[in-house]
Amino acid sequence: MGKKALLLSGNESCVEGALYAGLQFYAGYPITPSSEIAEGLSRKLPKYGGVMIQMEDEIASMGAIIGASLAGKKSMTATSGPGFSLKQENFGFACFNEVPCVLVNVMRGGPSTGAPTGPSQGDVMQARWGTHGDHPVVAIAPNSVPEILTETVRSFNISEKYRVPVILLLDEIIAHMRERVILPEKGELEVIDRLKPTVPPDQYKPFDISNTPMPLVPPMAAYGTGYRFHVTGLNHRTDGFPTNNGELIEKELLRIMQKMAMYKKNMLKHEEYMLDDAEIGIVAYGSTSRAAKYAVNVLRSEGIKAGMLRYITIWPFEEEAVEKLAEKVKFIVVPELNLGQLILEVERCARGKASVYGVNRVNIEIIHPHEIIEKVKELLHGIRV
Amino acid sequence: MAFEYEKYIRKGTLPHIWCPGCGHGIVMKSLLRAIEGLKLDKNDIAVISGIGCASRLPGYLDMNTLHTTHGRALAFATGIKLANPKLKVIVVSGDGDASAIGGNHLIHAARRNIDITLLIFNNSIYGMTGGQVAPTTPIGAYASTMTYGNIDPPFDIVRLVEGAGATFVARTTSYHTAQTEQLIKQAMTHKGFAVVDIIDACPTYFGRKNAPKEAYDMMQVQKDNSIPLQIAQKKKPEELQGKIITGIFVKKEMPEYTDTYYNTIIPKAMGSK
Ligand SMILES: Cc1ncc(C[n+]2csc(CCOP(=O)(O)OP(=O)(O)O)c2C)c(N)n1
Ligand code: SF4
Ligand SMILES: [Mg+2]
């Protein structure tokens, strides 16, 4: 076998995943509960010849990784709540300019400084809409330490392949908890690099899609390679230069959104647990899905046919999965460590075909399986809370 | 023969957005002559800016260019420099961009002594947004958000970055085109964080509420009020009131960040278990 099994925390697992994916540049600013990612990369990244820098704040860290990515390096930053808020403006710059990069947000209790060491899933909507304006985004929420590794690799792959920034939404529980992780060997997981231009430098336009092997995804040159191009946060044309022409502005933004729609199915990922004959649906993600799975097992042992739909890719939201679920279950329960965020999407997609109920907590404690079980039983017996 | 600016200007990007009489274009020309003088390859130069009138400059240059978010150019530039150390990295900033919203990045880039040349187009005002007060606006001057005269004491950019650790610090004005060219050249050949504070004119907005009002007269003030550092050093502080002291204030050798990272951190890490 020869495979290395390690006992890692979620943050350490993220470090291993990033290195496996070919991370070359990390910039960050310390914040609990994400700091172990920066610490791990301080030790390991230079061994791979990569750069790890602690910047003066999260705004600078986000800017630095975009700069490094434009210079051709796979880049990442990690943070938590308050830092996630600070990164939003520059994150939007990356969304708009289709700059590949991975932003890890280890969710903690909020709002504001909130509970630095308390678990939370309070940033689900911020991940989608935190930066201003319409923009494409991908957010991925693993639920275990080994899955953090593989999903970190997948985050880089999606980001590089489709030129879209990816938010890896961890939470304090899975980031700090330790589990057994088997490190993948070289070649075992796919590692994808961004498309490079094939046209000569004088014909290159950074957002031109007429010469790309991947429809709607413009190939990406790096600074300092003879391709002299311009990138701006202003509305721009396909050659990267600013424009005030409304038609061109709309065309370019729509192209970016169409790109997302076109490749959405390649970005989606969910797990179905005991859904085949389920009469009661539980929709969960992240650490909370572990309690949900346990609840399904207990309910099943008592003869109640529950099943779980677990979102791994949260954004873009896989509408069809909830639509299908709503067709066949009596009702849907959505446990979340917030006051109800992803439930809004679940309700929207259920289209009234199944009622949707939340199990919510913001007291910096995890959701226990029995809370989900009780909720299901209450609803089954017609007692509305 | 006249200098061929076209060689460095991207086709189809002119006319520029700057107002008639704005100093930014004059400084851009000084920058291009400096680049020509250094015989640098356009492929090896990255020019990064934040937001503001001055920050529109990179778009006109046929180089590796990036127009970022307000105040954050140095952060993006730090990523570019560390990702590709062979690039000559120039950051172009307005005074507000560099010293207000970007003040934190300014002092930390200086502290790290990272090999970036920062050119501050210092017109004492927020030009792009319509003449609001900047951290460089003199006390008593008028701005659209200092209706009754400015009461916020201004930064002395030179002293600020010197205190923060910049290893090359100079000041000139947009009027002194030859000196600007020379100082930019020296800043770009300096290994480390180099800042040139270029006193510049915004006739449209600074001129609107203050005297003198016209571009020509503002240039005249830059000329008449400038004193070379060597001469200023022999004068009493009261004689220097309102004067623009020009020249090189700091030039010293210190370990450069990118160099130190690649030549000490990486070998150390690779040698450790
Ligand atoms: C985060 C953010 N805040 C505010 C602005 C608005 N804004 C654009 S340019 C500018 C000031 C520019 O002044 P300066 O940097 O001195 O450059 P100048 O226009 O004078 O050349 C401001 C406040 C912005 N674009 N982004
Ligand atoms: S507003 Fe002022 S700084 Fe801006 S272009 Fe006009 S003169 Fe120059
Ligand atoms: Mg200004």
Side-chain angles (χ1 to χ4, degrees), chain A residues 24-27 42-75 77 89-94 97 99 101 201-202 221-234 236-237 239-242, chain B residues 10 12-13 17 41-49 51 55-56 58-87 89 101-102 104-105 107-109 111-112 114 257-258 261-262 265-273:
Chain A
Q24 291 162 307
F25 187 90
Y26 178 91
S42 165
R43 190 156 56 86
K44 294 199 162 180
L45 193 49
K47 288 181 193 287
Y48 293 71
V51 175
M52 139 71 197
I53 180 170
Q54 179 172 319
M55 295 297 287
E56 51 274 21
D57 58 28
E58 289 86 349
I59 301 171
S61 316
M62 192 67 223
I65 71 162
I66 296 170
S69 184
L70 287 166
K73 306 286 184 195
K74 285 193 182 178
S75 302
T77 184
E89 186 197 8
N90 284 343
F91 184 74
F93 184 96
N97 281 300
V99 182
C101 54
D202 59 326
Y223 287 145
T225 58
Y227 288 82
R228 298 187 302 273
F229 59 96
H230 185 59
V231 175
T232 174
L234 286 167
H236 43 264
R237 309 180 303 215
D239 61 5
F241 296 108
Chain B
R10 273 188 177 119
T13 56
I17 65 147
D41 186 332
K42 291 190 287 187
N43 288 318
D44 298 334
I45 306 172
V47 191
I48 298 114
S49 64
I51 298 290
S55 291
R56 294 300 285 268
Y60 307 126
L61 303 189
D62 184 17
M63 299 170 194
N64 304 282
T65 57
L66 176 61
H67 179 218
T68 70
T69 48
H70 192 28
R72 318 300 175 194
L74 281 169
F76 286 70
T78 298
I80 291 175
K81 181 69 191 178
L82 281 166
N84 186 349
K86 87 170 203 297
L87 284 169
V89 178
I101 191 164
N104 199 25
H105 312 308
I107 57 175
H108 288 277
R111 174 176 70 88
R112 289 188 192 104
I114 186 162
Y257 194 84
T258 315
Y261 191 89
Y262 279 93
I265 295 294
I266 289 184
K268 260 190 200 169
M270 286 183 168
S272 78
K273 273 223 291 167

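What you see is a predicted model; the values in this text were computed from it and never measured. Proteins come first, then strands; the chains are lettered A, B, ... in the order of their sequence lines, and each starts at number 1.
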Item checked: Check: Leu82(B) main-chain N/O paired with Thr258(B) side-chain donor or acceptor under 3.5 Å ->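 Side chain of Thr258(B) to backbone of Leu82(B), a donor-acceptor pair under 3.5 Å: no, none is there.
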Note to self: Using modelled atom types and a 3.5 Å cut-off, is there a donor and acceptor pairing between side-chain atoms of Asn43(B) and backbone atoms of Arg228(A)?
What the structure shows: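 It does not hold such a pair.
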Most chain B-contacting option - heavy-atom pairs closer than 4.5 Å, from [options]:
options	value
Pro201(A), Gly50(A), Ser69(A)	Gly50(A)
Asp57(A), Leu45(A), Ile65(A)	Asp57(A)
Asn97(A), Leu70(A), Thr225(A), Ile59(A)	Ile59(A)
Gly226(A), Ala60(A), Gly224(A), Ala71(A)	Gly224(A)

Next item on the list: Count the heavy-atom pairs under 4.5 Å between each of Thr13(B), Asp62(B), Asn84(B) and chain A, then report the option with the highest count.
Entry: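 If we count pairs closer than 4.5 Å to chain A, Asp62(B) comes out on top.
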Note to self: Please rank Lys81(B), Lys86(B), Arg72(B) by heavy-atom pairs under 4.5 Å with chain A and give me the top one.
What the structure shows: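 Maximum pair count with chain A is reached by Arg72(B).
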Margin query: Is Phe229(A) in contact with chain B via its backbone, its side chain, both, or neither, using a 4.5 Å heavy-atom distance?
Written below: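 Answer is backbone: N, CA, C or O of Phe229(A) sit under 4.5 Å from chain B.
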Checklist line | Atom group of Met62(A) that falls short of 4.5 Å from chain B, counting heavy atoms | finding: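 For Met62(A), neither part sits under 4.5 Å from chain B.
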Margin query: For Arg10(B) and Thr65(B), which I'm curious about, is there any donor-acceptor pair between the side chains at under 3.5 Å?
Written below: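 Indeed, the side chains of Arg10(B) and Thr65(B) share at least one donor-acceptor pair under 3.5 Å.
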Item checked: Contact summary for Ile53(A) and Phe25(A), nearest pair of heavy atoms ->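 Closest heavy-atom pair between Ile53(A) and Phe25(A): CG2-CZ, 3.9 Å.
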